[in-house]
Novice: 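Before I ask anything, let me first share the structure, which is written out below as structure tokens.
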Amino acid sequence: MNRFLVALLCLVFAAPAAAHQKSVSYSKWTPFAEGALVQAKVSWFDLTSLPEARGVRAGGFDSLTFIAYLQEHLRLGTDQGPCEVVDATSTVLPAERGWMRVEWRVSCDGEPTSIRSDLFAGLANHVHFATMLGDIGTDVVLSSATPSATFASSGVAQPTGVLSYARLGVEHILSGWDHLAFLLLLIVVASRLREVVLLVTGFTVGHSITLAAASLGAIVPNPRAVESIIAASILVVAVENVGAERSRGGRWVLIGMLALFVLAASVGRVPAFWGLALFAACYFGFLGVSDRAGRLRWALACLFGFVHGLGFSGVLLEQDLPRAQLVEALFGFNVGVELGQLAIVALAWPAIRWLRRRGRSASLVEWTSFAGAAVGTFALVTRVFAP
């Protein structure tokens with residue numbers, strides 16, 4: 001009965017968790033003689049947080065209202081003052097599903113020296129990426145903590161690129177509940193610190209490779225498939241933690257998980273799940289007869305790390321940065337992700353050890369695995385079958 005109640009609670013709280021992704025917006029500024037051309041991109045989901053959108057469906061949004069909002073809260077400045085919007089130049093451009101892309105012109109009294117974003121101030125985790133083209137040729141990361149940046153013709157002065165992306169990497173991993181859930185489920189069954197280090201290293205190696213490959217254009221990820229498989233990775237590790245392959249009842253759980261993967265591949269139209277179903281069946285089958293579960297788990301952390309790295313890369317891919325700036329952004333972002341990851345492990349591992357010394361090891365693994373399976377299943381279903 002207690003387990004049933006926990007399942008219900010996990011599914012209830014999974015709804016906001018599954019919907020929680022880093023809130024981002026983008027802008028590109030092309031300076032010309034007396035001003036600049038700006039192209040802004042925001043998500044319709046974020047637009048629904050505005051008072052103007054209350055009770056209105058996405059298809060019925062008044063684009064003029066939101067264009068005015070963007071122009072008011074996204075400003076370019078000079079030493080003489082803020083640039084002014086040029087009348088009757090706003091254009092709604094084609095955009096991917098779920099996004100709004102707008103272009104307009106601003107008139108400036110002098111050389112641009114700063115940019116400010118107050119977009120979606122009500123969203124605590126919103127981040128805005130601004131790219132300045134032309135002679136300035138730089139990019140900045142703006143948030144509620146640092147809403148503005150200044151620059152000169154030589155580039156950005158405040159904040160610096162690497163530090164901005166390092167901070168973004170820390171924020172991304174700390175607000176990415178799915179990445180944290182996977183990481184914590186990996187280490188909760190570790191018996192020694194050495195095992196924790198190996199698991200975290202495997203995960204780091206995996207996501208660092210694909211983060212770099214996708215950001216540099218060597219891989220073109222499918223966002224829907226990536227987010228769905230990240231949810232599936234939580235479910236796989238949670239099922240492994242309870243030793244499903246070694247018990248009769250657990251095998252039914254395992255069969256149910258594989259059936260869900262097959263359903264996702266066929267009905268949900270995510271072909272990658274055919275391969276995931278085959279991999280999971282082989283992995284758990286081998287796990288049931290192998291005496292080297294630790295090494296297999298390291299490989300699992302590395303393999304799923306590949307997928308999580310593709311998820312990380314989405315933040316950088318949307319900016320379409322020049323090659324030189326992309327390398328700098330990639331380095332800073334990856335450093336930030338690793339620092340945030342290490343901070344979480346440094347806090348979680350002593351707590352896990354303390355609970356074990358109090359004889360709560362079995363309960364800890366059982367409850368975290370049960371919660372992880374519930375949340376992972378909910379996130380998988382919503383990401384695969386959502387319209």
Novice: For a quick test of reading the model, state the closest non-hydrogen atom pair linking Ile229 to Leu276 and the distance between them.
Specialist: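 Here Ile229 and Leu276 meet closest at CG2-CD2, 4.4 Å.
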Novice: State, yes or no, whether a side-chain contact exists between Ile187 and Val200 at a heavy-atom distance under 4.5 Å.
Specialist: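 Of all side-chain heavy-atom pairs linking Val200 with Ile187, at least one is under 4.5 Å.
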Novice: Which heavy atom of Gly311 sits nearest to which heavy atom of Val226, and what is that distance?
Specialist: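 In this case the closest contact between Gly311 and Val226 is N-CG1, 3.6 Å.
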Novice: Tell me, do Pro112 and Trp29 make a side-chain contact under 4.5 Å, heavy atoms counted?
Specialist: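 Of all side-chain heavy-atom pairs linking Trp29 with Pro112, none is under 4.5 Å.
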Novice: Give a yes or no on whether Leu342 and Val335 share a hydrophobic cluster (residues Ile, Leu, Val, Met, Phe, Trp, Tyr; joining criterion: side-chain heavy atoms under 4.5 Å apart).
Specialist: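 No, Leu342 does not connect to Val335 through the hydrophobic network.
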Novice: List the steps, then state whether side chain to side chain contact (heavy atoms under 4.5 Å, CB included) holds for Leu93 with Met100.
Specialist: CA-CA 8 Å; Leu93 303 175; Met100 177 182 182; over 6 Å; no
Novice: Tell me, with the steps shown, if Val42 and Val102 meet side chain to side chain contact (heavy atoms under 4.5 Å, CB included).
Specialist: CA-CA 9 Å; Val42 297; Val102 184; over 6 Å; no
Novice: Between Phe182 and Phe203, is the ring centroid distance below 6.0 Å?
Specialist: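 When the ring centroids of Phe182 and Phe203 are compared, they turn out to be within the sub-6.0 Å range.
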Novice: Counting only N and O atoms by type, is there a donor-acceptor contact under 3.5 Å from the side chain of Asn241 to the main-chain atoms of Leu185?
Specialist: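 It does hold such a pair.
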Novice: Is the ring centre of His207 less than 6.0 Å from the ring centre of Phe312?
Specialist: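 Yes; Phe312 has its ring centre under 6.0 Å from that of His207.
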Novice: To the closest 0.5 Å, what do you measure between CG (Asn222) and OG (Ser228)?
Specialist: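 The distance works out to 8.5 Å.
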Novice: Closest heavy-atom contact between Leu300 and Tyr283?
Specialist: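 The pair with the smallest heavy-atom distance is CD2-OH, 3.7 Å.
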Novice: Less than 6.0 angstrom from the centroid, inside 45 degrees of the normal: does Arg105 satisfy that with respect to the ring of Phe32?
Specialist: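 Positive - Arg105 is close enough to the ring of Phe32 and near enough to its axis.
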Novice: If we ignore hydrogens and angles and just use 3.5 Å, is the side chain of Arg75 paired with the main-chain N or O of Cys83 as donor and acceptor?
Specialist: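 It does hold such a pair.
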Novice: Are Trp274 and Leu254 connected into the same hydrophobic cluster when the rule is that any two of I, L, V, M, F, W, Y join if their side-chain heavy atoms are below 4.5 Å apart?
Specialist: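 Leu254 does not cluster with Trp274.
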Novice: Establish, from distance only, whether the side-chain atoms of Ser369 and Trp367 form a donor-acceptor pair under 3.5 Å.
Specialist: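 No, because no side-chain N or O of Ser369 sits under 3.5 Å from a partner of the opposite role on Trp367.
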Novice: Using modelled atom types only, decide if a donor and an acceptor are shared between the side chain of Arg383 and the backbone of Glu227 within a distance under 3.5 Å.
Specialist: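 Indeed, once roles are kept as given, a pair shorter than 3.5 Å links the two residues.
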Novice: If the test is side chain to side chain contact (heavy atoms under 4.5 Å, CB included), which one of Val196, Leu184, Val197, Ile352 qualifies with Val345?
Specialist: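 Going through the options one by one, the only one that passes is Val196.
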Novice: Whether the side chain of Tyr69 engages the backbone of Phe120 through a donor-acceptor N/O pair (distance < 3.5 Å, no angle test) should be reported.
Specialist: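 Yes.
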Novice: List the atom of Ser208, the atom of Asn334, and the distance in Å for their closest heavy-atom pair.
Specialist: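 Taking every non-hydrogen atom into account, OG-ND2, 3.5 Å.
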Novice: Side chain to side chain contact (heavy atoms under 4.5 Å, CB included) for Ile234 and Trp177? Distances and angles first, verdict last.
Specialist: CA-CA 11 Å; Ile234 299 172; Trp177 71 269; 3.9 Å; yes
Novice: State, yes or no, whether a side-chain contact exists between Arg224 and Val384 at a heavy-atom distance under 4.5 Å.
Specialist: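 Not touching, per the 4.5 Å side-chain cut-off.
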Novice: Between Trp104 and Val86, is there a donor-acceptor pair closer than 3.5 Å when you use the side chain of the first and the backbone of the second?
Specialist: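 No, Trp104 side chain to Val86 backbone: no donor-acceptor pair under 3.5 Å.
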Novice: Considering only heavy atoms from C-beta outward, does the side chain of Leu183 approach that of Gln341 to under 4.5 Å?
Specialist: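 They are in contact (side-chain heavy atoms under 4.5 Å apart), so the answer is yes.
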Novice: Could you verify whether a donor N or O on one side chain and an acceptor N or O on the other, from Ser117 and His73, lie under 3.5 Å apart?
Specialist: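 Absent: no donor and acceptor within the cut-off.
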Novice: Does a sphere of radius 6.0 Å around CD in Glu34 hold more than 12 heavy atoms from other residues, nucleotides or ligands, not counting ones at 6.0 Å or beyond?
Specialist: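 Open: at most 12 neighbouring heavy atoms sit under 6.0 Å from CD of Glu34.
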Novice: Would a 4.5 Å heavy-atom cut-off, applied to side chains only, mark Thr131 and Ser27 as touching?
Specialist: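 No, every pair of side-chain atoms sits at 4.5 Å or beyond.
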Novice: Is there a side-chain contact between Leu235 and Phe378 in this structure, where contact means two heavy atoms from C-beta onward sitting under 4.5 Å apart?
Specialist: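 No - every pair of side-chain heavy atoms lies 4.5 Å or more apart.
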Novice: Yes or no on side chain to side chain contact (heavy atoms under 4.5 Å, CB included) for Phe261 and Leu380, after CA distance, side-chain angles and deciding distance?
Specialist: CA-CA 9 Å; Phe261 289 172; Leu380 173 60; 3.8 Å; yes
Novice: Do you know which of Lys41, Gln39, Lys28 makes side chain to side chain contact (heavy atoms under 4.5 Å, CB included) with Glu103?
Specialist: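 When side chain to side chain contact (heavy atoms under 4.5 Å, CB included) is applied between Glu103 and each of Lys41, Gln39, Lys28, only Gln39 qualifies.
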Novice: For the residue pair Leu142 and Pro147, what are the closest heavy atoms and their distance?
Specialist: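 Answer, listing the atom of Leu142 first, then Pro147: CD1-O, 3.6 Å.
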Novice: Taking side chain to side chain donor-acceptor pair (under 3.5 Å) as the test, write out the residues that go with His308, two or more places apart.
Specialist: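 Side chain to side chain donor-acceptor pair (under 3.5 Å) list for His308, sorted by chain: His179, Ser233.
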Novice: Would Glu240 and Arg297 pass as an ion pair if we require N to O under 4.0 Å?
Specialist: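 Counted as a salt bridge, because a side-chain N and a carboxylate O are separated by less than 4.0 Å.
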Novice: Of the non-hydrogen atoms in Thr377 and Ala373, which two are nearest, and what is the gap between them?
Specialist: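 Smallest heavy-atom distance, with atoms named: OG1-O, 2.7 Å.
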Novice: Under 3.5 Å, is there a donor-acceptor pair between the Glu111 and Thr78 side chains?
Specialist: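 On atom types as modelled, these side chains do not qualify, holding no pair under 3.5 Å.
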Novice: Quick one: does Phe333's side chain get under 4.5 Å of Leu211's, heavy atoms only?
Specialist: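 The answer is yes; the side chains approach within 4.5 Å.
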Novice: Taking side chain as C-beta onward, heavy atoms only, is Ile344 less than 4.5 Å from Ile173?
Specialist: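 No, every pair of side-chain atoms sits at 4.5 Å or beyond.
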Novice: Is there a donor-acceptor contact under 3.5 Å from the side chain of Thr210 to the main chain of Phe306?
Specialist: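 Yes, Thr210 side chain to Phe306 backbone: donor-acceptor pair under 3.5 Å.
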